[in-house]
Every structure is written in C-alpha cells, then in structure tokens.
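Here is the naming used below: chain letters follow the sequence lines, and residue numbers restart at 1 for every chain. The shown structure was predicted, so the numbers you read here are calculated from the model rather than taken from an experiment.
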Amino acid sequence: MNDASDHGSGNTHKNFIEIEIEKDFASKQELVGRTVYTRFPPEPNGYLHIGHAKSICLNFGLAKTYGGHCNLRFDDTNPTKESEEYVNSIKTDVNWLGFQWDKLLYASDYFEQLHDWACQLIREGIAFVCDLNADEMREHRGTLTQPGRNSPYRDRSIEENLDLFARMKKGEFPDGAKTLRARIDMTSPNLNLRDPVLYRIMHAHHHRTGDAWCIYPMYDWAHGQSDSIEGITHSICTLEFEDHRPLYDWFCKTLRIYHPRQMEFARMNLTYTVMSKRKLLQLVQENHVSGWDDPRMPTISGLRRRGYTPESLRMFCERIGVARFSSTIDVVVLEGSVRDHLNTIAPRFMAVLDPIKVVLTNYPEGQTEWMDAVNNPEDPSGGSRQIPFTRELYIEREDFMETPPSKFFRLKPAGEVRLRYGYVIQCNEVVKDAEGNILELRCTFDPTTKSGSPTAIERKVKGTIHWVSASESAEVEVRLYDRLFLSENPEDAPAGKTFLDNINPNSIRVVRAKVEPEVAKQLPGAKVQFERNGYFCADVIDSKPGVPVYNRIVSLKDAWARMTTRDNKA
RNA sequence: UGGGGCGUGGUGUAAUGGUAGCACAACAGACUCUGACUCUGUUUGUCAAGGUUCGAGUCCUUGCGCCCCAGCCA
C-alpha cells in the first residue's frame, strides 16, 4: 500500500478516512488481497458545484493514493428529477477535474437485482406492502420525541404481500397508493429505522429505463446494495447520512451480501456564496445570473468558465482538508489557489482597464519602438514578445494622483515613474477640462532609461506601472467579476429578507480595456495575467474569432489597496 | 427537549496520555522594471468547570454551544 502522505502542496498528514482505511486493510479478513474501491455517486438532478469537487477529489484521490479504483455511479432512483443533460454535465465536470472513473454505472443498472432482493425480504416476512397514504404514514411515524405506531398493514401474509408487490410492479395502482416497507422498529429513536419505505409507485419515464418500471427504489434501498454489488470497500458520503448508516448496515446484513463500510465527512461551506441546489436553481431561474455556468456561480461549470483550472480546484481541496467538523471555508482560500497555479502558467500582458492618456512631448511623432517583454518571469522557457511604444500612451487612471499620500510610488506631478519595458517618464503638466476632469498627462521621457539598456540599470525609480500604446493597441471587453453576495453567509438574512437580498448589485462591471495587440489574438479559454491587475480568461462562450471577451478570474494581491483602505478606516 | 454527530489561533487542519505543529490569511522586513511572485521573521489557539495522572487537546464527570434527522427526495 502506498503512503497517503504524498499529496503534494504541503498537506502531509493523513485525514481520518485514510487512517481508518489503513486500519481496515490491516485488520479485516474480508479485505485481504483487495484494494481500495470507492465511488462518486451523484444524483443527476443538477449541476455539480465546488462542494462536489471536494467529494470527487476525496473519492478519486483515495483510489489513486492507495492504487485502487473509483467508479462514477449515478444515483438515478428518482426519475422525476433526473435527466441526461445532468448526467452529461457531471461526466464532463469529473473528467475536467482530471479524474477517470474505473466504471461508469447507474443505480438503475441494478433495478432488477434490487427488485429480487425486495421479493426475498417479503418471502422472509420482513417487508410488507403498506396502503397508508403520505399523510397517514407521517402520522404513524411519530416524532423526534415520540415513538411511531405500526402500520395496520404490517402483518399481511407473505402471499398477499408478494401478490400486492407484483401488482404494484405491473402498474395496477396509481402513484402513492401503496409502498413497500421494511419491518424494522416503529419505536426506534432513529427515524430511519421506523419501517422505511423501500419502493414507491411512480408512473414516470426514466431517462435510462424508459417506461420499464413504475415502482422505483428509495435511496436507502438502492445505495448500500449498489455499493455492495460494485465491491466498494469504503462508501464515503457526507455527514447528513450518518443516521442512515444503521439502515445501510441492516440491509447488507439482512440480505447477507458483501458489506462495504460507510464513512461520513463534513460537507463544505464557502463564504460569500450559497451551495444548496435549490438556491442555485433559484439564482438561475430568476435570472440573477446568466445560467448554471455564469462565471459568478460556485458550480464547476461556472468556475471553469470564470477561468479556474482543474489544478487550482484540486489544490483548493487539498488545502481545506477532510474532517467531521462542519466548517466554513473562507473564499480567499479558493482565490489563493487559483492565483498560485496561474502564477506559474499564465503569460503576462499589459492591459489598461481604466485608461488616461499620456503624451510624451519629447518623443518623436509617428515613431514606433518595439520593446522586448518577458512572457512569464516564472517560466524561463516562456520567451518574450514585442510591444509597440509610441508618443501617445494610456496608463491606468489610478496610477496617477495629483495630490498623493506619502507612500504613493506611482505617477504624480513633477514625479517620475518607470513604464514597464519602456522608459522612465516625468509628469510635467496635467490637462483638464472645464469641470476639472483630467484629460491627459503631458510628460517627458528619458531616452537613457530604455528598458534593457546598460544606462537604464543605474536609474532607480520606486514605481513601475503598466501602459499601452494609444495608436498601436486594441480594445477588448473585460468583465470585472466580484463576489455574488455582499455578506459572508448570504443565508443569514434579517427577518423578512432572504439570501437574494444579500446579492451584490455590483458583482459584474463591464469595461472596455486598452490592450497590447497580443491580447486581442488570444483564443477562447486562454488564461493570462494582465500585469498589476489580475488573472483573466478569454470567455469560451462570448468570445468571437479575433474578438475575445475577458473574464476577470481573480485580482492580484494588492498591498497598496490594503494599505489605503486600512488608513481610511483608521 | 428523543437520537446521532461536532467544538484546537482570523480560517481550515494535525498531534501512540509526553515540546500544541502545518497550510491559508494577517503583520513586519528583504528583494523587485508587476505594491505580484519569492525569501526571512512575527502575532494569534485546545468551548467551560471539575476529576484521574508525574504529565490531559487526548481519559472520566458535568455544563455550554453548533450541526443533522419527523420525504413515498438524495
């Protein structure tokens, strides 16, 4: 067995699941000669989100760590909520995250077997057909503090149960008319054991089995047995299924079939977003976002479109760890992960998001110099490119201040700043309109300071800013995304309000940016860094050939912004 | 308030009963033609109270707090 400690990215200790797995393999007779077998079992009733990524990384990661296998199994036992669209999106997302399943399976593959096992239980007198309707059943179930009462149909004969169940299967009864239940214990303090429903009648078309069935197994009746059939050694799920484990165990034991071990871990919460399927659906349906893959959504498809890489998501899952404590992860951990990955791979470009014109009064009109610029300082093999330098340029509006604070290293009246890969310039004049708005900055450049020249090296200036030629640049649409919600926990809204009231009205800002020519040539999906701004991704949907539209994935860390906001607060 | 879980710095996550560590964040400094990256350093923690023990985050007792369960959803 391999050592679980080598996951990379710093996290060298084992989590509690790995520890338990190792104990099991060291001590359990039935595991001798076997390897770890896990499964990722989504219901295809929606799009996967970052919380699922944690489960995917865990299940597939365990298999990889221990040289075992992991299946992708769709828990498709409720045809009214499921569709092939979701099946396909889930397959895409799992693969995109970088994982290959051993087998692609469906709970519906086992419908026949599950049905046979149900008949077995009936024949053994431990399952019965119940005529109680939903309301009556709820009433008989009791409450958290009061025991339930036996169904009046609990003691039907085996023959009658067999007959009734067969007729349920044949379609003789309408939806809801009858259920098949296990005879366990209506007084159990665990509500899951109070004669749970095994089958319900649903005259619904299933996306895989069509109209072959009109009775469908419940989750509890399907899940453990599916694990068992597949030879899953460790069935890993989230904490809310903990109360179901006694049932899971009871079914395996009662059916006398291979018995996987269910283990639960805490699902993740993320600050500044919502994760429940219902709320995500609501955001989509009420058009608060453009769709499941809106770049502001915490869905895998949204993060992918935003520009997150599989590597960054895996790194994130590694960093947050696995435990049984319901934690809330600060979204900065997610943002930090994508920064760390993109820093190593993203080519650098210059882009001015909020341009202000600079005229170099001593620079020849009509002249263009091609300046050499490094593509990625983190990647020596990345090479370099040429950027046009001209008399008229754009710089970022916030890189100039007329009356700056003391630590402001950028351009100011009579001050000097280096233009990255260009020259050192000095600001001589601020041209304004009648209202006092700055129209342009008139500056002079120092010809001895050309980037890369020997004379440039001696010249030290505190600040370096990015720029783009006014005449030799392109213009692109850039979408500046911010967090979708204003509050850390959008769900805790004041009385009478909902999470929707916490939506950030400025979660997207669209600008036209001036960019160096190369930026306009990037292909959809390209991930780049706009120097001193952030990481950006050419949108896969809205970019057209030769006309990319950029999404801001995440800004760069900004010590200056931190410093200024802190001073303002003080 | 029946049952099941869970409480370790700001956020996560470790620690056969034996020096409370790691990551992220923050802060300070160094470096810097990205106020990025990198490097160095620093701050901050065992829910509480008792008990057992030479020694308790870990074991025991009591209390407090949080999460999950009353679908013919998963």
Practice problem: Look at the side chain of A:S451 and the base of B:C33, then say whether one donor and one acceptor between them are separated by less than 3.5 Å. | Solution: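 Indeed, a donor on one side and an acceptor on the other fall under 3.5 Å apart.
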
Quiz item: Within the modelled atom types, does a donor on one side and an acceptor on the other bring the side chain of A:D243 and the base of B:G3 under 3.5 Å apart?
Solution: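 Side chain to base: pair present.
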
Practice problem: Check whether any side-chain heavy atom of A:F389 sits under 4.5 Å from a side-chain heavy atom of A:L360, and report yes or no. | Solution: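 Yes, their side chains come closer than 4.5 Å.
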
Self-check item: Residue A:F408, side-chain heavy atoms: nucleotide from B:C33, B:U1, B:G35 that is nearest
Solution: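 The listed nucleotide nearest to A:F408's side chain is B:G35.
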
Exercise. From the options B:U13, B:C72, B:G35, select the nucleotide whose nearest atom is closest to the side chain of A:M218.
Key: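 Closest of the options to the side chain of A:M218: B:C72.
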
Exercise. Provide the distance between the two P atoms, one in B:U42 and one in B:G65, to the nearest whole Å.
Key: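 It comes out at 39 Å once rounded to the nearest Å.
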
Quiz item: Side-chain N or O of A:R562 less than 4.0 angstrom from OP1 or OP2 on B:G35?
Solution: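 False: A:R562 side-chain N/O out of range (4.0 Å or more) of B:G35 OP1/OP2.
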
Quiz item: Would you call A:R483 and A:E335 a salt bridge, using N to O less than 4.0 angstrom?
Solution: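 Salt bridge: yes.
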
Quiz item: Syn or anti for B:G65, with syn set at within 90° of 0?
Solution: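 Classified anti.
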
Quiz item: salt bridge (Lys or Arg N to Asp or Glu O under 4.0 Å): which pairs involve residues 141-151 of chain A, sequence neighbours left out?
Solution: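 Every pair satisfying salt bridge (Lys or Arg N to Asp or Glu O under 4.0 Å) with a residue in residues 141-151 of chain A: A:E139-A:R149.
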
Quiz item: How would you label the contact of A:R410 with the nucleic acid (heavy atoms, under 4.0 Å): base, sugar-phosphate, or nothing?
Solution: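 Answer is base: heavy atoms of A:R410 come under 4.0 Å of a base.
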
Quiz item: For A:D558 and A:N133, take the nucleotide of RNA chain B holding the closest heavy atom to each; which residue's nucleotide lies nearer the 5' end?
Solution: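 Of the two residues, A:D558 wins.
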
